[in-house]
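Computed from a prediction, not measured in an experiment: that's the story for all the values here. Note: hydrogens, waters and symmetry copies are ignored here, and every other heavy atom, side chains too, is used. Nothing fancy with the numbering, it's 1 onward along the sequence.
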Amino acid sequence: MKSKLKKGTFGYLDQLKIREWKRTLLLLSVPILVFLIGWIVSGTRLTVVTVVAVVGCLPGCNQMVHALMASRYHSIDRELYEETERARGDRPVLYENVFTSYEKNFYVDCAVISGRELAGYSSDEKIDAAAAEKHLKEILRKNSYKQNVKIFTSRKAFLERARFLAAHEPEAVPFREDDRYPGMTREEIVRYLLTAISL
């Protein structure tokens, strides 16, 4: 059996889709089975078992919302993954991010973190890159991490920026170990905070 991929890794979104639909089918099959058994045993649908089955569908319906949300997005193509892996050097990277906010969601294929810099690429033609940048900066700032965020809509420009970040030492950022995240470096904390707001 394939191991469960973590958020921010290549292939995560496709695996998430499958997992969410499996959960949906499981949660909906139980009340349907209860309804059918109640109908066969009593010979009528007009029983308390029908009410129990209908109420039992609520978790499955809620899960279906998650499955439908996950189905809107897909994993990045292998070519982009391999290009980013070559360009980023040893810098931390996040793949297949659907950053959520109250107003809208922002799909960012990949993002490279280097010190105080975060460079991301989105293939979504409808993305409001400025709004995505503002949202990510705000989330990190609220958690006491100031970060320069740039979301590119040009794949070539993103890869050039990733190569630049990999070739240059990141700016020295004063950092003390955060009690909320013991044993984690600044870049690991930034990565963790970003995955926390991703689908």
Side-chain angles (χ1 to χ4, degrees), residues 3-16 73-101 103-199:
S3 61
K4 182 179 174 184
L5 297 173
K6 292 181 179 178
K7 282 185 186 181
T9 57
F10 174 64
Y12 170 76
L13 285 177
D14 284 346
Q15 192 181 75
L16 175 69
Y73 304 100
H74 56 83
S75 290
I76 63 173
D77 64 77
R78 181 162 286 281
E79 184 182 346
L80 174 59
Y81 167 72
E82 289 169 355
E83 286 175 344
T84 305
E85 283 294 298
R86 285 192 298 272
R88 76 179 177 99
D90 63 350
R91 300 291 181 257
V93 66
L94 282 165
Y95 292 107
E96 304 177 13
N97 312 283
V98 181
F99 297 116
T100 56
S101 73
E103 294 82 33
K104 58 173 76 173
N105 296 333
F106 305 102
Y107 179 62
V108 178
D109 300 62
C110 38
V112 175
I113 304 164
S114 180
R116 217 183 278 269
E117 302 295 319
L118 186 143
Y121 165 68
S122 178
S123 60
D124 182 1
E125 295 172 1
K126 296 178 183 175
I127 192 170
D128 182 347
E133 291 166 5
K134 182 181 175 187
H135 174 61
L136 297 180
K137 280 182 192 175
E138 186 69 17
I139 290 293
L140 293 169
R141 189 188 61 75
K142 284 181 180 176
N143 284 279
S144 308
Y145 292 93
K146 185 179 177 194
Q147 201 76 10
N148 299 321
V149 179
K150 177 65 180 165
I151 304 297
F152 294 89
T153 53
S154 162
R155 184 166 167 164
K156 183 180 175 189
F158 163 72
L159 291 169
E160 284 173 6
R161 183 65 180 158
R163 284 199 255 329
F164 177 84
L165 293 174
H168 297 81
E169 279 301 311
E171 170 194 347
V173 182
F175 174 70
R176 259 185 340 197
E177 187 171 319
D178 194 326
D179 295 336
R180 297 171 296 177
Y181 312 103
M184 293 174 78
T185 66
R186 186 183 188 283
E187 289 176 340
E188 288 171 337
I189 294 169
V190 168
R191 188 181 195 285
Y192 172 79
L193 292 171
L194 292 175
T195 56
I197 60 163
S198 186
L199 184 68

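Here CD1 of Ile139 is found 10.5 Å from CZ of Phe99. Values are rounded to the nearest 0.5 Å. One finds the CD1 atom of Ile76 at 10.0 Å from the NE2 atom of His74 (value rounded to the nearest 0.5 Å). Taking CG of Leu80 as the start and SG of Cys110 as the end, the distance is 4.5 Å to the nearest 0.5 Å. Rounding to the nearest 0.5 Å gives a distance of 12.5 Å between CD of Gln15 and NZ of Lys6. Rounding to the nearest 0.5 angstrom, the gap separating the OG1 atom in Thr153 from the CD1 atom in Ile127 is 8.5 Å.
The two residues Ile189 and Met184 come nearest to each other via the heavy atoms CG1-CB, 3.7 Å. Closest non-hydrogen pair, Gly183 versus Glu177, comes out as N-OE2, 3.0 Å. Nearest heavy atom pair, residue His135 against residue Ile197, reads NE2-CD1, 4.0 Å. Smallest separation of non-hydrogen atoms from Arg116 and Gln147: C-NE2, 3.3 Å. Residues Arg91 and Ser114 share a closest heavy-atom pair of NE-OG, 3.1 Å. Pairing each heavy atom of Val112 with each of Arg88, the nearest pair is CG2-CB, 4.1 Å.
A cation-pi geometry, defined here as NZ or CZ lying under 6.0 Å from the six-membered ring centre and within 45° of its normal, holds between Lys150 and Phe152.
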Donor-acceptor pairs under 3.5 Å, side chain of residues 162-171 to any protein atom, not counting sequence neighbours: which ones?
from   : atom 1 : to     : atom 2 : distance (Å)
Arg163 : NH1    : Leu159 : O      : 3.1
His168 : ND1    : Phe164 : O      : 2.8

Could you list the donor-acceptor pairs under 3.5 angstrom formed by side chains in residues 118-125, with sequence neighbours left out?
from   : atom 1 : to     : atom 2 : distance (Å)
Ser122 : OG     : Tyr107 : O      : 2.5
Ser122 : OG     : Asp124 : N      : 3.2
Ser123 : OG     : Asp109 : OD1    : 3.1
Ser123 : OG     : Asp109 : OD2    : 2.9
Asp124 : OD1    : Lys126 : N      : 2.9

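Side-chain atoms of Glu187 come within 3.5 Å of backbone atoms of Gly115 as a donor-acceptor pair (strictly under, hydrogens ignored). The backbone N or O of Ser198 lies less than 3.5 Å from no partner atom in the side chain of Asn97, so there is not a single donor-acceptor pair. In this structure, the side chain of Asp77 engages the main chain of Glu79 through a donor-acceptor pair within 3.5 Å. With hydrogens and angles disregarded, a donor-acceptor distance shorter than 3.5 Å links the side chain of Glu133 to the backbone of Ile151. Between the Thr185 side chain and the Glu188 main chain, a donor and an acceptor come within less than 3.5 Å of each other. A distance-only check finds a donor-acceptor pair linking the side chain of Arg180 to the backbone of Asn143 [under 3.5 Å].
Taking the ring centroids of Tyr95 and Tyr12, they lie at or beyond the 6.0 Å cut-off.
Residues Asp178 and Tyr145 meet the side-chain proximity criterion, which asks for heavy atoms closer than 4.5 Å.
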